[in-house]
Asks: 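There's a structure below that I have some questions on.
Please read all numbers here as calculations on a predicted model, not as lab measurements. The chains referred to below are lettered A, B, ... by the order of the sequence lines, with proteins before strands, and numbering in each begins at 1.
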Amino acid sequence: MERVSKAEVPEAVRQRAQWLRAEIERHNTAYYVQDAPLIPDSEFDRLFAELQDLEARYPQLASVDSPTLRVGGAPRSDLPPVRHAVPMLSLNNGLAESDAIAFDERVRDLLAKAGEPVETVTYACELKFDGLAMSLRYVDGVLELAATRGDGTVGEDVTPNVRTIRSVPLRLKDCRAPVVEVRGEVLMYRRDLDRLNRVQRESGEKEFANPRNAAAGSLRQLDARITARRRLHFFAYGIGQLQGATEPATHSATLDWLQQLGMPVCEERATASGADGLLEFYRNAGARRADLPYDIDGVVYKVDSLRAQRLLGFVSRAPRFALAHKFPPQEALTQVLDIEVQVGRTGALTPVARLAPVAVGGVTVTNATLHNEQEVARRDVRVGDTVIVRRAGDVIPEVVAVVLERRPAGAQPFRMPERCPVCGSAVERPEQEAVSRCTGGLFCPAQRKQALLHFAGRRAIDIDGLGERVVDQLVDSGLVRSAADLYRLDQARLAALDRMGHKSASNLLEAIDRSRGTTLDRFIFALGIRHVGEATAQALAAHFGNLKALLDADETRLLEVSDIGPVVARSIRHFLDEAHNREVITALRKAGVHWPETSGAAARDRGRLSGRTFVLTGTLEGLTRTEAADRIAAAGGRVSSSVSKKTDFVVAGEEAGTKLARARELGVHVIDEAELLRMLDGSNP
DNA sequence: GCTCCTCGAGTTCT
DNA sequence: CTCGAGGAGC
């Protein structure tokens with residue numbers, strides 16, 4: 001045997017630990033004291049985990065003042081402090097499924113060591129809300145004190161504010177216990193946050209980055225009337241101090257009891273057996289996540305038996321009987337490598353942030369739109385900045401905020417170029433409009449390319465295989481200048497292009513040929529007239545019946561079409577008066593593009609769905625959305641894009657989103673795909 | 001003149 | 001999917 005000297009702590013490690021401590025303290029202050037987090041939770045958790053890991057490997061590093069031994073920061077001074085009778089602890093975190101499995105193993109291990117082995121542990125599973133932890137003290141059944149968690153020992157008195165939350169009972173039902181402290185979470189529903197942020201934006205106040213900050217900011221208002229205007233919710237998930245009553249024997253029974261007392265308890269809870277049960281709950285919650293009206297950042301497992309909980313006890317800052325199993329972060333930090341300006345079909349210039357690739361919510365994000373100049377200015381995003389990127393319930397990533405303190409020296413504010421980055425034409429921004437536009441028109445290659453892509457689009461002329469790559473090549477090589485040129489392409493010239501084999505060339509030619517047979521509304525839509533989208537194109541086609549009537553119509557005639565007003569009429573007339581556009585239309589017809597024509601308003605709705613308005617949402621099984629829309633239209637029905645009182649039916653498929661929710665709100669009839677098919681078949685008009 | 005309803009346009013990634 | 005703005009109805 002040999003004596004092993006105490007492991008030296010390398011200097012680099014010591015310095016890293018010191019830096020981590022300072023950094024964590026700083027963020028704690030920002031988060032708890034200033035209500036203004038500098039970095040996303042996921043980033044904070046990562047720093048915290050790294051420090052914990054270092055301290056575990058080099059125990060000499062652990063000091064009494066290490067932030068790993070504390071729960072949070074100091075309470076803000078302008079609200080009265082409250083000392084919790086029973087401390088409010090935080091939970092250990094896990095991200096991977098293996099963390100849940102390890103948790104279950106550890107629990108069984110410890111219970112066995114404590115002399116009470118259990119084969120399969122029963123757990124109470126709940127959602128982990130993205131809100132603010134709160135303790136409500138009821139004395140003789142009456143709400144007497146409401147306090148935030150603060151640092152876990154001392155929080156802040158926010159009683160007047162909490163009284164304004166409608167779901168918090170001011171008096172418990174049939175409660176004989178002299179003192180009950182209810183622990184739970186205050187949170188804000190997503191739609192209420194959106195509403196609040198709109199108000200903040202309009203009044204020039206700062207917006208809240210997420211529901212938790214909004215809840216915290218709202219609760220800490222010194223004027224409770226402001227809190228009352230912000231719609232907050234409360235869910236109870238446990239008990240602190242309890243006098244004059246015995247706590248039920250299991251955690252799930254405690255929640256039932258709280259519910260009987262009139263406390264709001266989230267219905268999304270269950271008991272689960274063993275690690276498999278935990279993972280099932282986790283996956284289930286993950287799938288339901290987008291449907292919930294509030295944000296959750298994971299789930300919580302607690303050993304259900306209170307007796308077992310007591311045996312397991314606590315480590316320094318968290319109970320051993322509970323685990324917070326988090327979802328992959330929806331927010332991440334990354335760097336803005338560049339801000340590029342894209343040119344759209346109408347010449348609109350859109351600044352886009354090129355980002356260092358970063359994983360958010362399961363995908364790698366490299367781009368995020370910055371919408372327009374005002375938007376960039378509002379967030380003051382600059383090249384070189386470190387930014388918080390979020391992929392919320394929806395799919396499209398957005399830059400939430402800039403981490404100002406990581407801005408490199410000399411970073412320049414973004415300026416919209418005065419000349420189009422593609423064609424060099426002047427850029428104009430009409431007074432009072434948000435978007436800047438390239439004035440180059442079809443002279444600008446970018447606009448020409450976008451116009452071609454629009455023309456070839458699925459909902460327009462529908463040329464399969466004519467994507468961005470091919471259009472780029474066709475335009476750059478000078479083969480194609482307008483949509484009409486597409487119909488003059490031949491095998492030899494196509495195959496001469498890069499990465500265009502014989503097979504794909506003939507496929508494309510075939511698709512172009514197929515597209516010759518179309519309908520008038522698709523043709524009108526394909527032209528890409530400003531302010532004329534699918535619906536307006538359909539209205540025009542139905543009203544005029546043939547192309548000549550449309551070409552000959554003056555503004556007054558156009559105004560007779562429903563849904564067409566002065567702005568749209570002028571835009572159509574302007575487009576059709578342009579010699580170039582007339583030439584392209586003529587050339588297209590000469591090239592054999594054709595459609596059935598009628599003499600005018602003859603084709604009146606006679607279908608069995610005539611007069612009915614439909615809205616499609618979610619993924620249908622047998623039909624694509626486009627097919628369903630076409631068939632409804634063919635039967636005389638109308639397909640609209642948003643749900644309102646005037647909607648007759650909402651057709652909901654899998655993973656239906658906000659439209660379904662709105663339909664329920666308005667009491668609009670919701671049907672499924674099978675029912676739609678029955679209506680189309682006519683068995684049930 | 002105000003308000004609600006719809007449509008158009010722009011956008012990400014697999 | 002969301003925002004902004006055009007259209008229509010009150």
Asks: Nearest to the side chain of Val567(A) - dG7(C), dC7(B), dC13(B)?
Replies: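 Of the candidates, dG7(C) comes closest.
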Asks: Which one, dG7(C), dC7(B), dT12(B), comes nearest to the side chain of Pro397(A)?
Replies: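 Of the candidates, dT12(B) comes closest.
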Asks: With respect to the side chain of Val352(A), which nucleotide from dT12(B), dC13(B), dC7(B) is positioned closest?
Replies: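 Of the candidates, dT12(B) comes closest.
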Asks: Could you state the atom-to-atom distance from CD of Glu555(A) to P of dG7(C) in whole Å?
Replies: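 Taking atom P of dG7(C) as the reference, CD of Glu555(A) is at 11 Å.
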Asks: Measure CG/Leu193(A) against P/dT2(C) and give the value in whole Å, please.
Replies: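 The answer, rounded to whole Å, is 13 Å.
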Asks: Side chains of Arg419(A) and Ser425(A) only: does a donor on one sit below 3.5 Å from an acceptor on the other?
Replies: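 Not at all, the side chains of Arg419(A) and Ser425(A) share no donor-acceptor pair under 3.5 Å.
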Asks: Nearest to the side chain of Thr346(A), heavy atoms from C-beta on, is which of dG10(B), dC7(B), dG6(C)?
Replies: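 Selected nucleotide: dG10(B).
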Asks: To the nearest angstrom, how far is Glu468(A) atom CD from dT12(B) atom P?
Replies: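 After rounding, the gap between these two atoms is 11 Å.
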Asks: Between His233(A) and Tyr294(A), does the ring centre distance come in under 6.0 Å?
Replies: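 No, the ring centres sit 6.0 Å or more apart.
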Asks: Could you tell me whether Val532(A) contacts a base, only the sugar-phosphate backbone, or nothing, with contacts defined as non-hydrogen atoms closer than 4.0 Å?
Replies: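 Here Val532(A) touches the backbone only, sparing every base.
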Asks: Whole-Å distance between dG8(B) C1' and Gln538(A) CD?
Replies: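 The answer, rounded to whole Å, is 13 Å.
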Asks: Within this structure, what is the CD-to-P distance between Glu340(A) and dT11(B), rounded to whole angstrom?
Replies: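 These atoms are roughly 12 Å apart.
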Asks: For the side chain of Ala535(A), starting at C-beta, report the closest nucleotide among dG8(B), dG7(C), dT12(B).
Replies: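 Looking only at heavy atoms from C-beta outward on Ala535(A), the closest nucleotide is dG8(B).
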Asks: If the cut-off is 4.0 Å, is Thr536(A) near the phosphate of dG8(B), judged by side-chain N/O to OP1 or OP2?
Replies: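 Checking dG8(B) against Thr536(A), a side-chain N or O does come within under 4.0 Å of OP1 or OP2.
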Asks: What is the distance, to the nearest angstrom, from the CZ atom on Arg345(A) to the P atom on dG10(B)?
Replies: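 Whole-Å distance recorded here is 6 Å.
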Asks: Measure the distance from CG on Leu355(A) to C1' on dT11(B) and round it to the nearest whole Å.
Replies: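 After rounding, the gap between these two atoms is 14 Å.
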Asks: Can you figure out which of dT11(B), dA9(B), dG7(C) approaches the side chain of Thr350(A) most closely?
Replies: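 Selected nucleotide: dT11(B).
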Asks: Look at the side chain of Gln342(A) and decide which nucleotide, out of dA9(B), dT11(B), dC13(B), has an atom nearest to it.
Replies: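 Side chain of Gln342(A) sits closest to dT11(B).
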Asks: If you apply the rule salt bridge (charged side-chain N to carboxylate O under 4.0 Å, His left out), what do you find for Glu555(A) with Arg573(A), and how did you get there?
Replies: CA-CA 7 Å; Glu555(A) 279 191 38; Arg573(A) 212 45 264 171; over 6 Å; no
Asks: Identify which nucleotide among dT12(B), dT14(B), dG8(B) has an atom closest to any side-chain atom of Glu534(A), counting heavy atoms from C-beta outward.
Replies: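 Between dT12(B), dT14(B), dG8(B), the one nearest the side chain of Glu534(A) would be dG8(B).
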Asks: What heavy-atom pair brings Val475(A) and Arg448(A) nearest, and what distance separates the two atoms?
Replies: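 Heavy-atom minimum between the residues: CG1-NH1, 4.3 Å.
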Asks: When the distance from CZ of Arg437(A) to P of dA9(B) is rounded to whole Å, what number comes out?
Replies: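 Rounding to the nearest Å, CZ of Arg437(A) and P of dA9(B) are 9 Å apart.
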Asks: Closer than 4.0 Å, any side-chain N/O of Thr366(A) to the OP1 or OP2 of dC13(B)?
Replies: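 The answer is yes; a side-chain N or O of Thr366(A) sits under 4.0 Å from OP1 or OP2.
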Asks: Report the residue (Asn367(A) or Ala537(A)) whose heavy-atom-nearest nucleotide on DNA chain B is the more 5′ of the two.
Replies: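 Nearest-nucleotide comparison on DNA chain B picks Ala537(A).
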Asks: For the residue pair Arg522(A) and Arg458(A), what are the closest heavy atoms and their distance?
Replies: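 Scanning both residues completely, I find the closest heavy atoms to be NH1-O, 3.1 Å.
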